[in-house]
Protein chains: 2
Amino acid sequence: MDTFKTHLDKFITINDEDYSSVLSFFQIMEVKKKQNLLVEGEVCKSMYFVLNGCLRKFFVNEKGVEQTTEFAIENWWITDTFAFERQIKSDFSIQSVERSTILVIDLETQELLLKKHPVMERYFRMIYQRAYASSERRIRYLYEMSREELYIHFSTQYPWFIQRIPQYLIASFLGFTPEYLSEIRAKLRS
Amino acid sequence: MDTFKTHLDKFITINDEDYSSVLSFFQIMEVKKKQNLLVEGEVCKSMYFVLNGCLRKFFVNEKGVEQTTEFAIENWWITDTFAFERQIKSDFSIQSVERSTILVIDLETQELLLKKHPVMERYFRMIYQRAYASSERRIRYLYEMSREELYIHFSTQYPWFIQRIPQYLIASFLGFTPEYLSEIRAKLRS
DNA sequence: CGGATCGTTGATCAACTTCAACGGTCGTGG
DNA sequence: CCACGACCGTTGAAGTTGATCAACGATCCG
């Protein structure tokens, strides 16, 4: 997939031959809307890279409501990092939001990839560094902003977010109820 | 410092000679209580590794109150990852909570280190992966638990936390007011 | 010993949730 | 291709959680 090559080029330099080899470690996969890739309680065997489409990670809270904690769109990785690293049962589920094309790799294969192409160690270091940096800022936002401000922030910062994602998932991701989101939208409209 | 070698050994294999070389890229630094290492608005030049003691990261919210978002104790790294990676002004401050001994490295030196010791690329990949994994779980807790549950969780999970850290910093870190923490503690006492 | 900082208590207030009910729309089977 | 059911967004009333403000006591440190 060229889109993955373009993505890699942002972080490391890799020639076409090596790139082909790197790519051979991944499985490409098509998923339709609302397809499960990982279900809470299963061992988290793989990491997923979104070529196009959108995935989400969620858990079910004590009230039985799905709580979305993360979205992954084009050029983002998603997995339960903690459970993946240790190959243990996951506390999260991962599901497609839209019809999507993704790359899949499991831990064992990733280790082989890293052994054969040490430059990928650098790539993943940078990816995790970037992911951690966004977590840092996300946590800051959660501390700093009211729910209303969070909504305004995300809808101006990530307009695709509001357009592509159904409203009840947006509310869930931002940490409040669909009803309250309705109220905010009504208020902003007037 | 042997404590850093012990820490490295958990992630990579490195002989004594290479370790000496690796160590030479870091600066060792003693800081007393409440000393600033980074002040909001300054360029974030360094990463800090805590050999012993405790550092914290915080920002000042619109009400002028310091909001602590992260603590680092023994064997943890701390920096504003986003600002460090880009060598731009930071939105956070970093300060010691106690008298501490730390290792310091700046971006340029880190790049030299990574070039000379590619195995450190793997080390930092694993460190960031682990850091991201804790963020994932932390965000989940923030979504899942009430403030009271958060306090109970952290005080049972991380007892050192309650003992070493003053109460107003605990409240700040958990995202509520010192007054409310008092109330929770009173309730739990009875 | 004295001042500043920290923890506590209680009253009032704002943000957000919960629950119930309704209308619109989307997609699926007949 | 239409009709029906399920799901989604909206509205409003009542209820909770946690914030704010002010005042006081304790403790720590110079």
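Below, read A as the first sequence line, B as the second, and so on, with proteins coming before strands; counting in each chain starts at 1.
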Distance, rounded to the nearest Å, where A/Glu149 contributes CD and C/dA15 contributes P: 10 Å
- request: Assign B/Lys63 to base, sugar-phosphate, or nothing according to its heavy-atom contacts below 4.0 angstrom with the strands shown.
  value: sugar-phosphate
message: Measure NZ/A/Lys34 against C1'/D/dA6 and give the value in whole Å, please.
response: 11 Å
- line: Among C/dC16, D/dG9, D/dC21, the one nearest any side-chain atom of A/Pro166 is D/dG9
- request: Can you tell me the distance, in whole Å, between the CD atom of B/Glu62 and the P atom of D/dA19?
  value: 13 Å
query: Using a cut-off of 4.0 Å on non-hydrogen atoms, how would the nucleic acid contact of B/Glu183 be classed: base, sugar-phosphate, or nothing?
result: nothing
Aromatic ring proximity B/Phe173/B/Phe161, centre distance under 6.0 Å: yes
task: Give the rounded distance in Å between these two atoms: CD of B/Glu148 and P of D/dT16.
output: 15 Å
- line: Side-chain contact check for A/Thr177: nearest option of C/dC16, D/dG12, C/dT17 is C/dT17
message: What is the separation between atom CD on A/Glu179 and atom P on C/dC19, rounded to the nearest whole Å?
response: 10 Å
- line: Quick note, B/Ser182 side chain, CB onward, closest among C/dT9, D/dT10, C/dT17 is C/dT9
- prompt: Any idea how A/Phe124 and A/Tyr128 line up, ring-wise: parallel (<30°), tilted (30 to 60°), or perpendicular (>60°)?
  reply: tilted
- prompt: Under 4.0 Å between a side-chain N or O of A/Arg185 and OP1 or OP2 of D/dG9?
  reply: no
task: Please state whether the rings of B/Phe11 and B/Tyr123 are parallel, tilted or perpendicular, taking 30° and 60° as the class boundaries.
output: perpendicular
statement: Taking C/dC6, D/dT10, C/dG10 as options, the one with an atom nearest any side-chain atom of A/Arg189 is D/dT10
query: Where the side chain of A/Phe176 is concerned, which of C/dT9, D/dT11, C/dC16 is the nearest nucleotide?
result: C/dC16
task: Specify the separation, in whole Å, of atom NZ of B/Lys187 and atom P of D/dT17.
output: 7 Å
message: By the 4.0 Å heavy-atom rule, please label A/Tyr168 as base, sugar-phosphate, or nothing.
response: sugar-phosphate
- prompt: Quick one: is D/dG18 close enough that its OP1 or OP2 comes under 4.0 Å of any side-chain N or O from B/Tyr180?
  reply: yes
message: The test is salt bridge (Lys or Arg N to Asp or Glu O under 4.0 Å); show your working for A/Glu66 and A/Lys34 and say whether it passes.
response: CA-CA 13 Å; A/Glu66 289 183 3; A/Lys34 296 209 180 192; over 6 Å; no
Value in whole Å for how far the C1' atom of D/dA19 lies from CZ of B/Arg147: 10 Å
task: Classify the ring geometry between A/Tyr141 and A/His153 as parallel (under 30°), tilted (30 to 60°) or perpendicular (over 60°).
output: tilted
field: Nearest-Å distance for atom pair CG/P, residues A/Leu181 and C/dC16
entry: 12 Å
- request: For the side chain of A/Gln167, starting at C-beta, report the closest nucleotide among C/dC6, C/dC16, D/dG9.
  value: D/dG9
